[in-house]
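Taking it in order: structure first as structure tokens, then the write-up.
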Amino acid sequence: MNAEVSHEIVLNVNGEVKRFSAPARRLLSDALRGDLGLTGTHVGCEHGVCGCCTVLIDNQPVRSCLTFAIAAQDRKIRTVEGLADADGELHPVQAAFKECHALQCGFCTPGFLMTATALLEQRPNPDEEEITEALAGNLCRCTGYQNIRSAIGHAIELMQSDI
Amino acid sequence: MTVGATPSRVDAVDKVTGLATYPADRVPKNAVHAVVVFTNQPHARLVKLGLAETLAAPGVVTVVTAADVPVNEYGLTLFDQPVFIGLDDTGRSSVPCNVSRWEADHLVVVVAESLIEARQASALIRTEWEQLPMANDVVVARTDEILVHPGSTSNTYHELKIRKGDIEKGIAAADVIIEGTYELPHQEHAYLQVEAATAWIDDEGLVTVETGGQWVHEDREQIAHALDIDPEEVRVRYASIGGAFGGKEDMSLQIVMAVTARKLAKLGNKRSVHCGWSREESIVGHHKRHRATVHARLGATAQGIITAVEADVWLDAGAYNYTSNKVLGNLHLSVAGAYDVPNARIDSKAIYTHSVPGGAFRGFGGPQGAFVAESQMNKLAEALGIDPLELRRQNALTDISAGITQAGLPEGVGVVRVIDACAERAPTSEEPASGKPFRPIASLPAEMGQLRQGRGYAVGMKNVGFSFGFPEACEADVVFHGDPEDHRPIRVELLHSAAEVGQGVHTALIQMVADAANVDSKQIEATFSDTATGGDSGSASASRLTFMAGNSILGAVEEAEKAWADGDRPALGHFSYKPPLTEALDPQTGVGQPNFCYGYMAQAVDLTVDIGTGHVRVDRVLSVHDVGKAIHPRMLIGQVEGAIAQAHGYVLSEQLVVEDGRIRNPRLSQYLIPGIGDVPVKIDCVILETTDLVGPWGARGVAEMPFITYAPAVTAAIHDATGVWIDTFPLTPSVLLGHLALGNL
């Protein structure tokens, strides 16, 4: 196989413009982790099942392991590194996961946080069914999901008290 | 932040912000990349290995083979596995290295400038294999017509016996005999972080491996053994670990990456080498929960008093031992349940096969044993028309029981306590079936007429810590810092090797130091899981770390207090905790004291079966645990909920397909672990705190216990709902429908 031709790729990640050179088939997950050093986005299965690599593209949760980096140009990418404020204050979803012990090994956590953030931005008051539906594509092997469910409820409270 | 409180995890902020770095996140900028090439041969002799094209491929730095391993053998409890299969036998391996016995035996490590170049070069390896006959499972293997390890005389390489009382009399005294053959399936750990490691030779010349495992010092021992160097010349440290569950207790990349780093150094190349497995490599490349077959008989009087237990256990060890001997021991001890059995004959065998190795996985033998013991008890309760909890209560082990190994039990036996709490707390009125769809696998609303509800119970006990005379120990170092005039330390250092695999042990240990030293947790600085700084903690396994590490901390703080009182600044406290001694069982009778502590559990499962589709929804789990002392009650409940979710997959959805020694579904799209819509709707956790006399703050252990009793409680509930007993699983919808059809449902 011949070496692949590299292209300049420009991504808008967490509000910052990032430029790097990579083959057209560079996956967004690999670009974020390898080219941009944003290793908070994890890869757990490499084919869109586990949800660990979930990022937001134009506020929609997307599997970055199934997305070409080049296809995410001109769109707004958000990763777990962009959730907290510039001064380090945790996003309500992050705070809720921390307070509700909604993580153990933490490997799936960034994916859950991104999916939950998108859910609550779109539906500030989801019911249990909607929460289940939204998080059904993120796998956790540690927690049994009970505390993750609690964290979503707590995040809703935190977001409402923020207003 | 002290014992019994529920502070945030010490790693929570890093884990919610993405700052926590797992092994695959820590690739040095100038690292070279490695691919571990598996043999892909469940049983074949290597005839030719051609590496010329690989070596000549673009970007290739070097290849690593059997010729590069001074002592080409490893294994956690037996050295029965070559590090590499190859033609260059150094003569220092207990097992011939030119025969592949497992599809994931390692053949070559290809090192290149980039991962893609390493992969492309791997495809150029030329091999010739002579295919050898296969002993795929214990049925074939136990005939010994095909030997997995040719130097041996039998594939049955580890046997345990129980001979208690008079089995003939016990059977004769029974009014009812329950007899069954149980088939227990493999289970894949499916931790979300797959194996990765980086290795280099550090400035002091130490062979250094950074990875995620369960026991840094054992990793170091194994590496040193294979490299034939002193363990002090090896350093192992852990990054954040993305789950383990027993699956990272054995070696994956540790040895091969150490060997690779050393070869690079010999070639004058000082760069680090990194390797990360794909999910497929992970599933194919590490051991599983054991497949096992158990034939059991249980005899009892009409009043429900157990008179005899007989069992024959065949454990499929796979091609290499890993921890099969330990798993067999646990299965052996648990197959008679938590009951007073006057007469017993149990024969347990671990058998080599040409299949994926079985090894450690949460509960290690306990789940298999409990499925048999508790299914037998549930069937007995039905046969006698006795309440299943009452039947268990009247046969329960107590402080005055001899136990199945006839040496008594550690004081504080809690079987009756958990049974009573389960009976008291199990809801009496069941909510009606909701008719809600079974999400997410079936989205159509269920037909109400097809829903059947049931309740099932299971009770058990599980050892804490290593058993059978293993030299169990745990070290801790605590350092008090301050000026001579300070009354109390200003700052406390903790150096400990306990592996944070997600269970929260680092948080718990800091709680314990704060409590023992009476300082604020903010004053504590901890360094974990690095052989360069911490003593040997033993493994994050066997539900042992709270107990063992807690005691090590109590000892180390006491030592530091003494030094502090003597005026030492800093005041050093080192302690190696050793629990009460255990014994190997007598080979003929099984007499002996195998364990120093147990945790006790009872579960009630309420579920709904859709007899039209075969789907099962678990509506509620009551999980009762006597934990001695909850160091951090919320993290403890997290262990219960997480263990139940894993057990839920074990019994209902996780189907590992192994054919001809090959795993056929090594992907998370094919091997289905539970999602948020699959797990029990509700879990009620009841924590009892009956002080353990030896445990730190009275604590026992809990991480494995909730897993162990879940599967038999589920199948008992399915029986309650449908009238059908099922002696095997996983009960995927189609499989369950098959069983129900046999029961005319």
Side-chain angles (χ1 to χ4, degrees), chain A residues 1 3-4 33-34 37-52 79-84 88 90-91 93-111 113 129 131-149, chain B residues 6 8-9 11-22 24-27 58 116 120 189-194 240-245 278-280 436 439-440 500-504 634-635 637-646 648 667-669 673-677 679-680 682-683:
Chain A
M1 196 186 297
E4 292 184 78
R33 292 174 51 76
L38 296 171
T39 56
T41 298
H42 300 151
V43 177
C45 73
E46 306 118 20
H47 66 184
V49 180
C50 74
C52 290
T79 71
V80 69
E81 288 90 349
L83 279 182
L90 296 180
H91 184 282
V93 173
Q94 291 174 308
F97 269 63
K98 171 174 172 274
E99 286 169 33
C100 296
H101 292 274
L103 61 92
Q104 288 180 27
C105 87
F107 195 82
C108 70
T109 307
L113 294 171
E129 288 286 312
I131 293 169
T132 304
E133 185 81 33
L135 298 182
N138 289 77
L139 295 175
C140 171
R141 191 58 156 169
C142 295
T143 65
Y145 305 99
Q146 316 285 330
N147 284 344
I148 291 176
R149 215 179 256 289
Chain B
T6 59
S8 287
R9 297 174 60 102
D11 52 4
V13 170
D14 281 355
K15 285 178 173 177
V16 299
T17 54
L19 290 177
T21 48
Y22 298 82
D25 303 336
R26 298 169 65 85
V27 188
I116 189 157
Q120 286 170 350
H189 303 81
Y191 28 72
L192 284 169
Q193 175 242 317
V194 293
S240 293
I241 304 161
F245 316 118
S278 67
R279 175 59 64 180
E280 186 170 343
K436 279 187 185 170
R439 283 174 180 277
E500 174 60 80
V501 292
Q503 81 281 48
R634 290 203 65 182
M635 290 200 306
I637 291 170
Q639 285 299 296
V640 175
E641 292 168 348
I644 287 172
Q646 279 182 350
H648 188 83
R667 297 174 189 86
L668 294 185
S669 55
I673 67 171
I676 193 168
V679 293
K682 191 166 189 280
I683 295 174

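We name chains A, B, ... by the order of the sequence lines, and we start the count at 1 in each one.
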If I compare all heavy atoms of [X] with all of [Y], which pair ends up nearest, and what's the gap?
X	Y	answer
B/V679	A/G144	CG2-O, 3.7 Å
A/L139	B/P674	CD2-O, 3.8 Å
A/K98	B/S8	NZ-OG, 3.7 Å
A/V80	B/V16	CG2-O, 3.4 Å

Checklist entry - Looking at B/G242, B/A12, B/S669, B/P680, which one has more heavy-atom pairs under 4.5 Å with chain A than the rest? => result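 Of B/G242, B/A12, B/S669, B/P680, B/S669 has the most heavy-atom pairs under 4.5 Å with chain A.
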
Residue [X] versus chain A: region with a heavy atom under 4.5 Å:
X	value
B/L668	both
B/S240	neither
B/Q639	both
B/A244	neither
B/H189	backbone

Item to check | Side chain to side chain, B/D25 and A/R33, heavy atoms closer than 4.5 Å | outcome: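 Yes - at least one pair of side-chain heavy atoms lies under 4.5 Å apart.
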
Next on the checklist: Could you walk me through whether B/T17 and A/Q94 satisfy the side-chain contact (heavy atoms from CB on, under 4.5 Å) test, starting with their C-alpha distance in whole Å, then the side-chain angles of each, then the deciding distance to 0.1 Å, before giving a yes or no?
Outcome noted: CA-CA 7 Å; B/T17 54; A/Q94 291 174 308; 3.8 Å; yes

Checklist entry - Going through the checks in order, is the side-chain contact (heavy atoms from CB on, under 4.5 Å) test met by B/R667 and A/V49? => result CA-CA 9 Å; B/R667 297 174 189 86; A/V49 180; over 6 Å; no

Item to check | Evaluation steps, side-chain contact (heavy atoms from CB on, under 4.5 Å), between B/L192 and A/C50 | outcome: CA-CA 8 Å; B/L192 284 169; A/C50 74; 4.0 Å; yes

Just by modelled atom types, is the [Y] backbone N or O under 3.5 Å from a matching donor or acceptor in the [X] side chain?
X	Y	answer
B/Q646	A/R141	yes
A/Y145	B/E641	no
A/Q104	B/G638	yes
A/E46	B/R279	yes

Next on the checklist: If you apply the rule side-chain contact (heavy atoms from CB on, under 4.5 Å), what do you find for A/H101 with B/R9, and how did you get there?
Outcome noted: CA-CA 7 Å; A/H101 292 274; B/R9 297 174 60 102; 3.8 Å; yes

Checklist entry - Taking atom CD1 of B/I676 and atom CG of A/L135, what is their separation to the nearest 0.5 Å? => result 4.5 Å

Next on the checklist: Applying salt bridge (Lys or Arg N to Asp or Glu O under 4.0 Å), can you list everything that pairs with B/R634, at least two apart in sequence or on another chain?
Outcome noted: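 B/R634 satisfies salt bridge (Lys or Arg N to Asp or Glu O under 4.0 Å) with no residue once adjacent residues are dropped.
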
